[in-house]
Amino acid sequence: MIKQPELLATLNQAQQDAVIAAEPRLLVLAGAGSGKTRVLVHRIALLLQQQCHPHEILAVTFTNKAAHEMRQRIETLTGVSTRPLWIGTFHGLAFRFLRHHHEAARLPEGFQIIDADDQLRLIKQVIKALSLDEKRWPPKQAQNYINHQKDEGLRPQHIQTLSLIEDTWLRVYSYYEEQCQRTGLVDFAELLLRSHELWLHRPDILAQYQQRFRHILVDEFQDTNTVQYAWLKMLCHPQCSLTLVGDDDQSVYGWRGAKVENIQNFNQHFEHTRVIRLEQNYRSTSTILKAANAVIDKNQGRLGKTLWTDQGDGEAIQVFCGFNETEEARFIASTLRSQLSKGASPADFALLYRSNAQSRVLEEALIREQIPYRIYGGLRFFERAEIKTALAYLRLSINRNDDSSFQRIINTPPRGIGAKTLESLADSAHQQQRSLWQALGDALEQQALKGRALGALQAFYDHINQLDTHIYPLTLSKKLEHIIENSGLLGLYQLEGEVGQGRIDNLRELVSACEQFEEVDEDIDATAQFLDHVSLEMGERGSQTDGPVVNLMTMHAAKGLEFPVVFLTGFEEGLFPSHNAKESPSQLEEERRLCYVGITRARKQLYITRADSRRLYGSENHNPPSRFLKEIPPSLIVNRQETLSISRPSLYSASTSRNNSTSPASDTLFALGQGITHPKFGEGVILNYEGQGANTRVQVNFKRAGSKWLVLQYARLEAL
DNA sequence: ACGTGAATCCTTTTT
DNA sequence: GGATTCACGT
C-alpha cells in the first residue's frame, strides 16, 4: 500500500487540502478541469489507507460511467479491490435499498423498473382510461407533471390543487400511481422517492445504514434535486463525514428538477462546513479560461470561483459567421479537413450544439468532406424497440402482472389482437383491480369476449405459457435465443428487408451481451439480475466505430468531457440562448452556465460559429449573434468572417485554399450573401456554391431573373 | 386490423 | 424540414 506523502505528491495545495480535510462537512467547489475526480479518488484512497473499513464508505454519482470510472481509478491507485465499497448512482443505490427491503417499502419481490418510454405509454393508457382528450391533455405534459412532483418528493395526497387544470393532472398522477403499484412497476423518480419514504417510515432500517456509512461522498452535487438532497440528508448521520463535490457554474439540469440552490445555500443547511475551491485548471489554455470566466461572471448569486492556469495563452478563439447554416457547416468541415491533413486525429475534435436538430447540417458537411464522425445522443442500445420487445417476453415470463410488457408484446408480431380488444381487456382489468394477464385469464375462462378475438387471445395465452415452460430451465442467453426464434420476432423482422436485418443484428448482439453477463456469475440465475442491470444501465450510446472519429453532441452531453479542439456552433439569439429560456432570468443563467460548460471543454483551441440566416423547423430566421459572444472579451477573439470567400478560378489556382491570404491582389473574391451584378441578368445576391476550382458553380438570386446556377469561371460577375 | 396520406409538434435527457 | 402521430379508408 502506498504511503500518504506519496499519495499526495502529485496534487496541488488545494487538492491536497481537499483530500486530507478532516472536517465532517466538506464542500469542494471544483471548477471545470480542476481535477475533481482526482480529489474524490484520492480522498477515498486515503480513507482506505487509514482506519476506515471499506464498507463504511458510500460514494454517490449521477451516471454509471462516473461510478465505474471512480471504482477503476481507486483500484489503480490503491491496488485494493473496491467490491466492498458502495459506489453507485443515486438510482442504483436506491434500487439496492428497495430490493433489500421491498416488503417494508410495500413493493412486490420482483418489482421492475420502467424507463421514460414505458412510463409515457402507461400514462397514455391512464389518460385514455380517464376519458380525457389527448389533445387537451398531452401525455408528455402529464409525464413532466408526475416526474416533477416526484422529484419534489410529493405524493398526490400532498398536493393542493389551485386550478381545474392542475386538478386533472393530479387525477392522472393518482391513477398512474395506483396502476404502477398494482402491476409492480417503478419509474426512475419513484426509486428515489420510495427509498426516501422507506427511511421516513422505518427509522430502524434507516439507523442501520446511518451507522454503517461513516463516510459519504457525492459527486456533481450541483445536479441533485429535492428528493436526492433529502435522501442524502437523512442518510447522513451527525457523526458521518460528508464530502460534497460540485460546481455551481456547471449546473445545467435545472429543467430536470436539479436545484442549484442545494449547492449555493449549502452553508445554511449544513453548519460548520468547510469550503475548498479548486481553481487551478489543467485542461485549457489561458485564453479559453479567460473567455469562460468572463462569460460566467455575468451570472448573479454564484459561489464565486476564478479558473486559472500556468499554461500559456495558446491560440486565439476563432469566431466565424456564415451566411447561412450550410456555410457555417462547410467552414467547420473545411477547417477540419485542413487540420486533418496536417496530421491531427479526428478524435481530437468535438462539434457541440445546443439542440440535436442542428446536427444534420453538420453531418452533411462532414460527409461531403469524407470526415468520419459519430453522433452521441440518439437511441441507446437497450432503448431500441426490438430489444425492448424481446426483453418484454422475458419480463412477462417472470412476472405475468407486468402490464407494460404485456402491452408491448400482445400484438407484436401481429396476431389479430387490436386496439378494441385490448381496450375491453384493460377495462375489465381495471374494474376488478387486476393485471391484464389476470383479466385475460378470466376472460378466457368465462368466454367473455367475442368469438374471433377469443381465439387470438387464447393462442397468445397458450403461447406465453408454453414459452415460459420451455425456457424455464435454460440459461439466460438460451432463453432469449428461444424467445427470438419462437415468438415470431425473427420472422417479423425478416419480412422487413434492410431495416429488419438491422434489428435482427441487434437481437444477435443482445444474445451475446447475455452470454457475457452469464460469464460473470455462472451459478445464479442471471435472468432477473440481467433485467435489473438493463433497466439501470442503458448501455453505451451509439454504436462502436472502428477508428478515430469526430465527435458530435449537445453541450449537455459534453459535460465532463474534453477535447483538444472544440467547435461551439449556432451562437445565435433564440438558438443559444434558446428562445424558451429568455423569459426568466434563472433560465438564462442556466443557458449561460451551459455556455461556460461548452467553452471549458476545449483544451487547445476553441472555435465559435454562427450563421446570419438559419433555416430551422422549415422556416428561415435571421438571428442576431448570441449575447454570450459579446460577453467574451474581443481581445481573445480573431474574426474569421471575411476570410471565407469564393475565388474566381481563372485568377486563382484550383489547389489554393479559400482562406489563403497570400493571393494576388487581382483576385476577385466572392462571399455568400454578397451582392453582385451580371451583364445579362443584372443585380443579384450569391446564395450558395458547390464544387471547387474550375468546377465551382454559384447560385445567384437575381432581382429580375430569379435564382440561377452559374459556372463561376465564365460568369462575368462584378462585386457591387 | 392494418396500411396509407395529412396534421402536428417541436430544447436540453445523467437514471 | 422531418419524424411521428392520426384519421380514414379498405
Side-chain angles (χ1 to χ4, degrees), chain A residues 60-69 88-95 113-120 124 134-135 138-141 143-144 147 150-151 186-193 219-220 222-225 227-228 250-258 325 352-361 364 376-380 382-383 411-422 452-453 456 532-539 541 553-561 570 574-582 587 590-591 593-595 597-598 614-620:
Chain A
V60 194
T61 64
F62 274 85
T63 66
N64 292 301
K65 199 175 147 207
H68 291 141
E69 192 189 331
T89 63
F90 276 101
H91 297 268
L93 294 165
F95 176 74
I113 300 166
I114 54 169
D115 65 14
D117 190 55
D118 292 326
Q119 185 188 36
L120 188 63
K124 276 185 185 166
E134 274 198 27
K135 288 273 148 53
K140 272 253 159 59
Q141 268 182 50
Q143 189 179 27
N144 280 337
N147 288 334
K150 289 192 178 188
D151 285 346
V186 169
D187 61 46
F188 288 131
E190 182 75 24
L191 286 170
L192 293 158
L193 181 52
D219 193 15
E220 304 275 18
Q222 77 281 354
D223 288 336
T224 49
N225 65 30
V227 185
Q228 286 161 339
Q250 291 188 71
S251 165
V252 292
Y253 285 107
W255 50 277
R256 284 193 73 197
E325 76 279 6
L352 308 185
Y353 34 81
R354 175 67 239 265
S355 85
N356 287 308
Q358 290 167 251
S359 69
R360 180 166 246 102
V361 216
E364 282 163 5
Y376 287 72
L379 272 191
R380 287 183 297 187
F382 289 112
E383 286 170 346
N411 205 31
T412 311
R415 36 173 79 90
I417 302 169
K420 221 179 62 190
T421 313
L422 197 57
R452 198 154 51 96
D532 291 343
H533 170 82
V534 162
S535 305
L536 284 166
E537 287 196 47
M538 285 305 207
R541 278 191 179 283
M553 68 189 90
T554 63
M555 291 187 221
H556 280 94
K559 203 180 104 184
L561 305 177
L575 235 199
F576 189 44
S578 159
H579 63 276
N580 301 290
K582 290 203 177 167
Q587 284 185 56
E590 182 153 316
E591 296 279 305
R593 291 193 290 266
L594 188 58
C595 180
V597 167
R614 180 178 298 271
R615 204 189 188 91
L616 198 64
Y617 304 136
S619 56
E620 199 125 303

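Just so you know, these numbers use all the heavy atoms, side chains as well, and skip hydrogens, waters and symmetry mates. Small disclaimer: the values here were computed from a predicted structure and weren't measured. Numbered from 1 within each chain, the chains take letters A, B, ... in sequence-line order.
A close approach under 4.0 Å does occur between a side-chain nitrogen or oxygen of A/Arg360 and OP1 or OP2 of C/dA3. One finds no side-chain N or O of A/Asn580 lying less than 4.0 angstrom from the OP1 or OP2 phosphate oxygen of B/dT12. Within the structure, every side-chain polar atom (N or O) of A/Ser535 is placed at least 4.0 Å from both OP1 and OP2 of B/dT15. At B/dA1, none of the side-chain N or O atoms of A/Arg415 fall inside 4.0 Å of OP1 or OP2 (strictly under the cut-off). For A/Asn356, no side-chain nitrogen or oxygen approaches OP1 or OP2 of B/dC10 to under 4.0 Å. Contact annotation: A/Tyr617 reaches the phosphate of B/dT11 (side-chain N/O to OP1 or OP2, under 4.0 Å). Residue A/Thr421 places at least one side-chain N or O closer than 4.0 Å to OP1 or OP2 of B/dA1.
The side chain of A/Gln587 lies closest to B/dT11 when the candidates are B/dT15, B/dT11, B/dT12. For A/Arg615, counting side-chain heavy atoms from C-beta on, the closest listed nucleotide (B/dA1, C/dG1, B/dT12) is C/dG1. In the set B/dC2, B/dT15, B/dT12, B/dC2 carries the atom at the smallest distance from any side-chain atom of A/Pro414. The nucleotide whose nearest atom lies closest to any side-chain atom of A/Arg380 is, among B/dT15, B/dT11, B/dT12, B/dT15.
Remark: C1' of C/dT4 and CG of A/Leu379 are 13 Å apart, rounded to the nearest angstrom. Whole-Å rounding puts the A/His579 NE2 to B/dT11 C1' distance at 8 Å.
A glycosidic torsion no more than 90° from 0 defines the syn conformation; B/dT12 lies beyond that range and is anti.
Within the 4.0 angstrom heavy-atom criterion, base atoms lie near A/Ser578. The residue A/Ile417 sits close only to the backbone: its heavy atoms come under 4.0 Å of sugar-phosphate atoms, none of a base. Residue contacts for A/Gln143: at a heavy-atom cut-off of 4.0 Å it reaches no nucleic acid atom on any strand shown. Across all strands, A/Asn411 comes closer than 4.0 Å only to sugar-phosphate atoms, never to a base (heavy-atom distances).
The closest side-chain heavy-atom distance from A/Arg354 to A/Glu591 is below 4.5 Å.
Taking the 5.5 Å centre cut-off and the 30° plane limit, the aromatic side chain of A/Phe90 is not classed as stacked on B/dT15.
Nearest-nucleotide positions on DNA chain B place A/Lys135 closer to the 5' end than the other of A/Lys135 and A/Leu594.
The side-chain contact (heavy atoms from CB on, under 4.5 Å) test with A/Gln250 is passed by exactly one of A/Asp223, A/Val597, A/Leu594: A/Val597.
Distance check: A/Leu561 CG to A/Tyr376 OH gives 7.0 Å after rounding to the nearest 0.5 Å.
The aromatic rings of A/His91 and A/Phe188 stand perpendicular to each other, their planes meeting at an angle above 60°, with 30° marking the opposite boundary.
Side-chain atoms of A/Gln143 and A/Gln119 include a donor-acceptor pair closer than 3.5 Å.
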